[in-house]
Amino acid sequence: MTEVDAVRDPGALLGVPADETYDVIIIGAGLTGLHQLHELRQRGRNVRLFEAGDGVGGTWYWNRYPGARLDSESYSYAYSFSEELLQEWDWTERFASQTDLERYFNHVADKFGLREDIQFGARVASLTWLEDENQWFAEFIDGRTVRSTYVITAIGILSAPIWPDLTGLDDYRGEWYHTALWPDEEIDFTDKRVAVIGTGASGIQIITEIAKTARSLAVYQRSPNWIVPLRNAPIDEAEQLELKAHYNEFFDKLRQTTSGFVHNPEKRSTFDVPEAERLARWEHLWQEPGFAKVYSVYQDISRDRAANALYAAWVSDRIRERVTDPAVAAQLIPEHDPIAVKRVPCESGYLEVFNQPNVDLISLRTTPIERYTATGIRTDDGAEREFDMIVFATGFDAFTGAFDRIQITGNAGETLKHKWRNGPITYLGLQIADFPNLFTEVAPHNKGGQCNIPRCSEQNVEWVTATLDYLASNGLDRMEATHEAEEAWLQHVHEGVSQTLLPDVDSYIWGSNVVGKPRAFVGYIGALPDFRDRCNRIAAEGYPGFTLTRAAERAPAS
C-alpha cells in the first residue's frame, strides 16, 4: 500500500462537523504569521491563528539558548507596516538578542490586540482538503477540529529540529538539551563538563557562551563553517533618532536589494580591479558589521570558482590569525567548500574559544560518536569522555521538514509528503497544484527562504492578502496552481541555482544534513525586486498559472 492509499479517505470527513469554522486559518505565530493575522483582521476577515507553542515569536520563541541573536541588523528586521510602531520601539543593539526579539513580538501582539485571535498550544496534526465542500479540515494533536476555506502556512524554514543518532541516550544520566527546544529557564554551565554537538550558526553562538564558565567544553564538529565577525555594538540615542527620521527611505532601499539586507554586492567582478584595491576592499569590509563581508564583496563570488577561492584564502588567513594552534585552525577552515554560497554564521569571539585550555575540538569525520553512555560519550576509537551536560546544536530539517510533520492531503488523496518525495514543487513558492486554497509563506522555492526574512515575508503577506481580497471581490472562493505553472517555476528555480556555486556545497539548502533525504534544492536565489515584480505582474494579469473558480461554476449539472 502506498502512502497515498494509507491516508484517511477525505470522503469520510464530508459532512463531519468541526469544533470551529473560519474563512481563513493561519498556522504559526512567528513574524510572518503575526503580520498576516494583522492584515486579515484589518479587513474584517473571519480568521484564526494556531500556534504550537505557548507564546509568539516563532524562531525567537523556541530558540532561547544563550547567545542567540540576529545576524541581520535589528532595524532591518522590524515590521514596516506601522509608522507608529517604528517610532515607539527602540532597538538597543545593532544585532538584537533573542530576549529583545521575543519582547518585540510580544509588544506587537499586544499593541495590535492579536492574541484574541490566536490559539496557543495548538499543534496541527493533519490538513485534509474536502473537494465537495471546498474546505480544509484541520485536526490537532489534542483532538480539536477546525474547518476553513483557506489555509495559510507560516511555519518557518528552520522550525523542524533534527537529531543525530541517539543510540544510548536513554542511558545517559546527565542533562541534555537541543538549541531549538531550549527551556524557558536559566541553564547554568558553571564548573560543568559540557559537550556540544554541532558547529552551525546555533552551535557557534552557544559554544561562545558556554566556554566562558564551563570547567571543560568538548566541541564535536562534523564540518567546519566559514565564519565572519559580527561586530555588534549598542545603538546610542543619536543613531536611534537618525533611524527613526529615515525609516521610510531605509525600507524603500531594502526592498530594492537582492535579498532584503542592508548590504548589496559590489557591481564589479573580482578580477576587474587591481590586487591592491581588492585587498583594501576586503580589509575594509572585514571591519564592517554583519554581512558586509559576505554580501558586499565582488558580485562574481557566488559564480566564479577562481574568484571565490581568492576570497576564501584571504578569509582563511584571518582565521589563522586568531587561533593559536595551527592544527586547530586547520580544523576550523572548510577545506573544499566555497565561501558565501550558504548562509555564513556571524560570531563574536568564537575562534578565540579554541585558544582556551578548557576547550577541545573533536572531529566527527575522523572519530564518529559510537554511542552515549550513562556518563557521557564514546567515540568509535574507543575513547569515552564524561560529561555533566550534552547540548545538541544539530540544526533543522529545513524548508520541507515542518511541512512533513503535518499530514497534508489534497485532491484525490494526494499527500504533500508524497508529492514532494523527490523535492519540493510549487508555483512561486506560494501555492501547490492539487492543494487548492493552501497558501505557503516563506516556504520552499519562495524568495522568503533565502533572504532577510521580514523583508521578503512582507512581500508574501501583502501578495496573499491582496489575492484573498481579489477572490472575495470577484465572488471567487477557490484558487489552485496549475501543474504547467509549477513545472515552469521549478525549471526557473533550478536554472537560477545552476548558474552559481551552490550545487558544489552540501548544506540544508539541499537537504544534505538529513540522513536519507533526497538531494534537492529547496531555496530560491532570484532577486527580491524581480520576485516582487513577477508576483505583482501575475496578479495584475488576472493570475495566469492559477485556476480560479466560484461555487456556482463547480456545481454538478442537474
Side-chain angles (χ1 to χ4, degrees), residues 52-54 59 61-68 123 125 141 158-211 213-225 331 353 358-398 400-402 404-405 506-508 511-517:
D54 294 325
T59 291
Y61 168 84
W62 294 103
N63 292 263
R64 301 171 180 272
Y65 62 86
R123 184 175 293 278
I141 60 172
L158 299 175
S159 54
I162 58 174
W163 303 81
D165 180 4
L166 300 177
T167 302
L169 189 61
D170 289 343
D171 299 328
Y172 177 61
R173 296 195 298 263
E175 304 171 65
W176 59 270
Y177 307 96
H178 195 295
T179 52
L181 300 169
W182 202 260
D184 187 14
E185 60 190 61
E186 185 176 353
I187 305 299
D188 187 7
F189 307 110
T190 303
D191 204 33
K192 289 183 179 178
R193 300 166 298 174
V194 184
V196 175
I197 301 170
T199 55
S202 299
I204 286 167
Q205 289 180 333
I206 198 169
I207 286 165
T208 308
E209 293 301 311
I210 293 173
T213 58
R215 182 199 312 176
S216 65
L217 171 59
V219 176
Y220 289 82
Q221 172 184 269
R222 183 179 65 172
S223 302
N225 275 289
Q331 290 186 70
V353 162
N358 64 327
V359 179
D360 293 324
L361 180 62
I362 302 165
S363 172
L364 290 174
R365 291 192 180 276
T366 57
T367 52
I369 293 174
E370 180 183 288
R371 65 173 290 114
Y372 303 90
T373 68
T375 58
I377 294 174
R378 184 165 67 232
T379 48
D380 73 349
D381 60 355
E384 185 168 339
R385 299 186 59 155
E386 295 186 354
F387 298 106
D388 303 304
M389 182 187 299
I390 299 173
V391 174
F392 295 95
T394 46
F396 302 88
D397 184 355
T400 59
D404 287 346
R405 295 180 188 200
D506 285 332
S507 71
Y508 68 67
S512 307
N513 61 324
V514 180
V515 175
K517 190 172 183 177

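Numbering of residues begins at 1 and proceeds along the displayed sequence. Below, each value reflects all heavy atoms present in this structure, side chains not excepted, and no hydrogens, waters or symmetry copies.
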Just jot down the side-chain contact (heavy atoms from CB on, under 4.5 Å) partners of Leu169, sequence neighbours excluded, or say none. Leu166, Tyr172, Trp176, Tyr372, Phe392
Within the 4.5 Å heavy-atom criterion, are [X] and [Y] side-chain neighbours or not?
X	Y	answer
Ile390	Glu175	no
Val219	Ile362	no
Arg193	Glu386	yes
Ile369	Ile197	yes
Ile210	Met389	no
Ile206	Trp182	yes
Pro161	Leu181	yes
Tyr177	Pro183	yes

By side chain to side chain donor-acceptor pair (under 3.5 Å), which residues pair with Glu209, not counting sequence neighbours? Lys212
Identify, with sequence neighbours excluded, every residue that meets side chain to side chain donor-acceptor pair (under 3.5 Å) alongside Thr379. Asp381
Say you draw a straight line from [atom1] of [X] to [atom2] of [Y]; how long is it, rounded to the nearest 0.5 Å?
X	Y	atom1	atom2	answer
Glu186	Asp188	CD	CG	6.5 Å
Thr373	Asp171	OG1	CG	8.0 Å
Tyr65	Ser202	OH	OG	3.5 Å
Arg378	Thr367	CZ	OG1	14.0 Å
Thr199	Leu364	OG1	CG	8.5 Å

Tell me, with the steps shown, if Asp360 and Arg385 meet salt bridge (charged side-chain N to carboxylate O under 4.0 Å, His left out). CA-CA 12 Å; Asp360 293 324; Arg385 299 186 59 155; 3.1 Å; yes
State, to 0.1 Å, how close [X] and [Y] come at their nearest heavy-atom pair, and which atoms those are.
X	Y	answer
Gly198	Ile207	O-CD1, 3.9 Å
Asn225	Gly200	ND2-CA, 3.6 Å
Ala160	Ala402	CB-N, 3.7 Å
Ala195	Tyr220	CB-CE1, 3.9 Å
Thr208	Val353	CA-CG2, 4.0 Å
Ala211	Asn358	O-ND2, 3.5 Å

Using 4.0 Å as the upper bound for N to carboxylate O, is an ion pair formed by Arg405 and Asp397? no
Going through the checks in order, is the side-chain contact (heavy atoms from CB on, under 4.5 Å) test met by Gln221 and Leu361? CA-CA 7 Å; Gln221 172 184 269; Leu361 180 62; 3.9 Å; yes
For the pair Thr400 and Lys517, evaluate side-chain hydrogen bond (donor to acceptor under 3.5 Å, both in side chains) and give the outcome as yes or no after the intermediate values. CA-CA 10 Å; Thr400 59; Lys517 190 172 183 177; 2.8 Å; yes
How far apart are the C-alpha atoms of Val391 and His178, what are their side-chain angles, what is the distance that settles it, and do they pass the side-chain contact (heavy atoms from CB on, under 4.5 Å) test? CA-CA 6 Å; Val391 174; His178 195 295; over 6 Å; no
Looking just at side-chain N and O atoms, do Thr213 and Lys192 make a donor-acceptor pair shorter than 3.5 Å? no
Is a side-chain donor-acceptor pair under 3.5 Å present for Gln331 with Ser363? no
Does any N or O in the side chain of Arg365 come within less than 3.5 Å of the main-chain N or O of Arg222, such that one atom is a donor and the other an acceptor? yes
Ignoring hydrogens and geometry, is there a side-chain-to-backbone donor-acceptor pair from Asn513 to Phe396 under 3.5 Å? yes
Has Arg215 got more than 12 heavy atoms of other residues, nucleotides or ligands less than 6.0 Å from its CZ? yes
Start with the C-alpha distance between Phe387 and Val194, add both sets of side-chain angles, then the distance that settles side-chain contact (heavy atoms from CB on, under 4.5 Å), and finish with yes or no. CA-CA 6 Å; Phe387 298 106; Val194 184; 5.7 Å; no
side-chain contact (heavy atoms from CB on, under 4.5 Å) assessment of Arg371 paired with Asp165: CA-CA 8 Å; Arg371 65 173 290 114; Asp165 180 4; over 6 Å; no
